[in-house]
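One structure is given below, encoded as structure tokens.
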2 protein chains.
Amino acid sequence: MSPRSSAQFEEMREDKKTLIMNVALEHFSDYGFHATTISHIAKHAGISKGLMYNYYKSKEDLLAAIINRSLDEIYQSFNPDHDSSLTPDEFENFIKRIFAIFREKRQFWKLIYRVMLQRGVYEHLSDDPDATFTVGGMPLMEYSAYMGKLFSDYFIRKKETEGPDYDPVTEMLMFSNTLKGFALTYIFAPEQYPDLYFEKIIETLIRKYR
Amino acid sequence: MSPRSSAQFEEMREDKKTLIMNVALEHFSDYGFHATTISHIAKHAGISKGLMYNYYKSKEDLLAAIINRSLDEIYQSFNPDHDSSLTPDEFENFIKRIFAIFREKRQFWKLIYRVMLQRGVYEHLSDDPDATFTVGGMPLMEYSAYMGKLFSDYFIRKKETEGPDYDPVTEMLMFSNTLKGFALTYIFAPEQYPDLYFEKIIETLIRKYR
DNA sequence: TATCTTTGACCGACCGTTCAATCAAAAACG
DNA sequence: CGTTTTTGATTGAACGGTCGGTCAAAGATA
């Protein structure tokens, strides 16, 4: 039998790191950062409390790792090939994809809503230079600003085809906040959305804002 | 000087209870339930930690008191005279009033979003029979269901005046989630809403959904 | 003095984190 | 191959610190 290579060890190590992340994501997103204890995470991951600290140097380090992993995953599945400006088709695809992501990454969004809304936790993370979040190599804040501009331009461009009392800022606010509201409800109370309406709402959003 | 009557004592007591509530509301809503300590609240209220427990029997009791007070205040300012069904004017007024309430009771809404989204805190409160929340004498859940029905009926009634592909359920979901999204953004990042757009958005909501 | 209010030292519980001790398995040895 | 040594993943008791909550005692009042 061949001896285990160090690569295989590394793989097992990664498996365990991943396992811890998965368990921690569930607990953080369900109970919040403060209310989740390292002991609970360890117990549910089937390891001892002490071992946690071989893989992550602190509770916050673990949280940052989870967030970074999810940001990467989301960025990957977004496959953003828009180099400059948004076409109506791209706009439509964005809506479809973002709802799919809400569905697939529900746990992560729960975490985001809980942690980001908890003053002190996020601020502390932002202060730590090891934990500056990046999306596709770009700092998170920069990426958000870039996306904001993309959509803002899209709604400004629509002004030409719409009536004279069309206000792009109001329209964009209406759109982004509707999305936000659906995200919130779907993430925390998905039972309110039978699959039928999930699809219908995507259609409606496209019809009203494309 | 006349001796203090017991009524006056009671009044002072109420003042202090109110002071504690105000300070606690600020801390709970800014930092969350777990991250807020009794010591901090006491210090900012200018009293000792021990005295807190003369007025509230626990940290959770204090939280429940705050929520109940705010629910009452909101219910009062709502002045709900709809006995049966909603007219378009009443619908319009509802939008105006709810935005006004977001503005006036921002701290309370922050608290609600933070605490209610924190599994464990709310569940624990709901289990305590002393802390079942009521709105205008009605249990909170019952009141929510009643309001839901009111709006649901409103959108169903609109079906007659709208086109054949008008779906009241989708329309109501669009409306309520847009409201939710604006609430969230306005409560946690009001700097994104210059007063100008605050008004414009109310108008737009009325135009689109009345 | 008698009564009521207020204090803050104190308690037990629990938290995140550390680290000496353990031990199965890999490596080295003969 | 059998035996010994080394390794490093794993454990869990222990630590320092903080929290919610208590209570004997000091202070205020009348």
Side-chain angles (χ1 to χ4, degrees), chain A residues 1-21 23-24 27-28 31-66 115 118 120-121 124-125 128 130-131, chain B residues 1-21 23-24 27-28 31-66 115 118 120-121 124-125 128 130-131:
Chain A
M1 191 196 287
S2 71
R4 276 185 182 146
S5 69
S6 74
Q8 275 176 311
F9 269 123
E10 198 48 43
E11 198 176 310
M12 281 185 57
R13 205 184 136 78
E14 278 309 308
D15 279 359
K16 197 151 278 184
K17 281 190 85 164
T18 303
L19 170 67
I20 295 172
M21 272 203 222
V23 172
H27 284 234
F28 283 151
Y31 298 97
F33 184 74
H34 291 296
T36 301
T37 69
I38 294 287
S39 302
H40 277 87
I41 297 174
K43 181 173 281 178
H44 279 83
I47 61 168
S48 74
K49 195 163 57 153
L51 189 55
M52 289 274 326
Y53 288 87
N54 276 21
Y55 296 102
Y56 301 97
K57 69 173 198 278
S58 71
K59 196 183 177 186
E60 296 207 350
D61 184 44
L62 172 58
L63 174 63
I66 292 171
V115 169
Q118 192 98 11
V121 179
H124 206 271
L125 277 176
D128 185 354
D130 290 345
Chain B
M1 193 195 289
S2 70
R4 278 184 179 142
S5 69
S6 74
Q8 276 176 311
F9 271 122
E10 198 49 42
E11 197 177 311
M12 283 184 56
R13 204 184 137 79
E14 279 308 310
D15 280 358
K16 196 151 281 183
K17 283 190 83 164
T18 302
L19 171 66
I20 295 171
M21 272 202 222
V23 173
H27 281 72
F28 283 151
Y31 298 97
F33 184 73
H34 290 294
T36 300
T37 69
I38 294 286
S39 302
H40 276 88
I41 296 174
K43 181 173 282 179
H44 278 85
I47 61 167
S48 73
K49 189 163 64 151
L51 191 54
M52 288 274 326
Y53 288 86
N54 278 20
Y55 295 103
Y56 300 97
K57 70 172 196 280
S58 71
K59 197 184 177 185
E60 298 207 348
D61 183 45
L62 172 57
L63 174 62
I66 292 172
V115 170
Q118 192 99 10
V121 178
H124 206 272
L125 277 175
D128 184 353
D130 289 346

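Bear in mind that the values here come from a model prediction, so they are computed numbers and not experimental data. Numbers restart at 1 for each chain; the letters A, B, ... are given by sequence-line order, proteins then strands.
Between B:K16 and the phosphate of C:dT6, there is a side-chain N or O to OP1/OP2 separation shorter than 4.0 Å.
Distance OH (A:Y55) to C1' (C:dT17): 17 Å, rounded to an integer number of Å. Going from atom NZ of A:K57 over to atom P of C:dC19 covers 16 Å, rounded to whole Å. Remark: P of D:dG20 and CD1 of B:I41 are 8 Å apart, rounded to the nearest angstrom. Rounded to an integer number of Å, the gap from B:I47 CD1 to D:dG21 C1' is 14 Å. Rounded to an integer number of Å, the gap from CE of B:M52 to C1' of C:dG8 is 15 Å. Atom NE2 of B:H40 and atom P of D:dG20 are 10 Å apart (whole Å). In this structure, NE2 of A:H34 is placed 16 Å from C1' of D:dG20, rounded to the nearest angstrom. Distance NE2 (B:H27) to C1' (D:dC19): 15 Å, rounded to an integer number of Å.
Distances from the side chain of A:T37 to the nucleotides C:dT17, C:dG16, D:dG21 place C:dG16 closest. Listed candidates were C:dT7, D:dG21, D:dT10. Nearest to the side chain of A:N54 is D:dT10. If you check D:dG21, D:dA13, C:dT6 against the side chain of A:K49, the one that comes closest is D:dA13. The side chain of A:Y53 approaches C:dT17 more closely than any other nucleotide in the set C:dT17, C:dT7, C:dA9. The nucleotide whose nearest atom lies closest to any side-chain atom of A:K59 is, among C:dG16, D:dG20, C:dT7, C:dG16. Residue B:I38 has its side chain nearest to D:dG20 when only D:dT10, D:dG20, D:dA14 are considered.
Pairing each heavy atom of B:A24 with each of B:L62, the nearest pair is CB-CD2, 3.7 Å.
Stacking of B:K59 on the aromatic ring of B:F33 is recorded, both the 6.0 Å distance cut-off and the 45° axial limit being met. No cation-pi contact links A:K16 to A:Y55, judged by a cut-off of 6.0 Å to the six-membered ring centre and 45° from its axis.
Inter-residue side-chain proximity for B:I20 and B:I47 is flagged as met; some heavy-atom pair is nearer than 4.5 Å. Counting heavy atoms from C-beta outward, B:I41 and B:F28 have side chains that approach closer than 4.5 Å.
At the heavy-atom level, A:L51 lies under 4.0 Å from base atoms of the strands shown.
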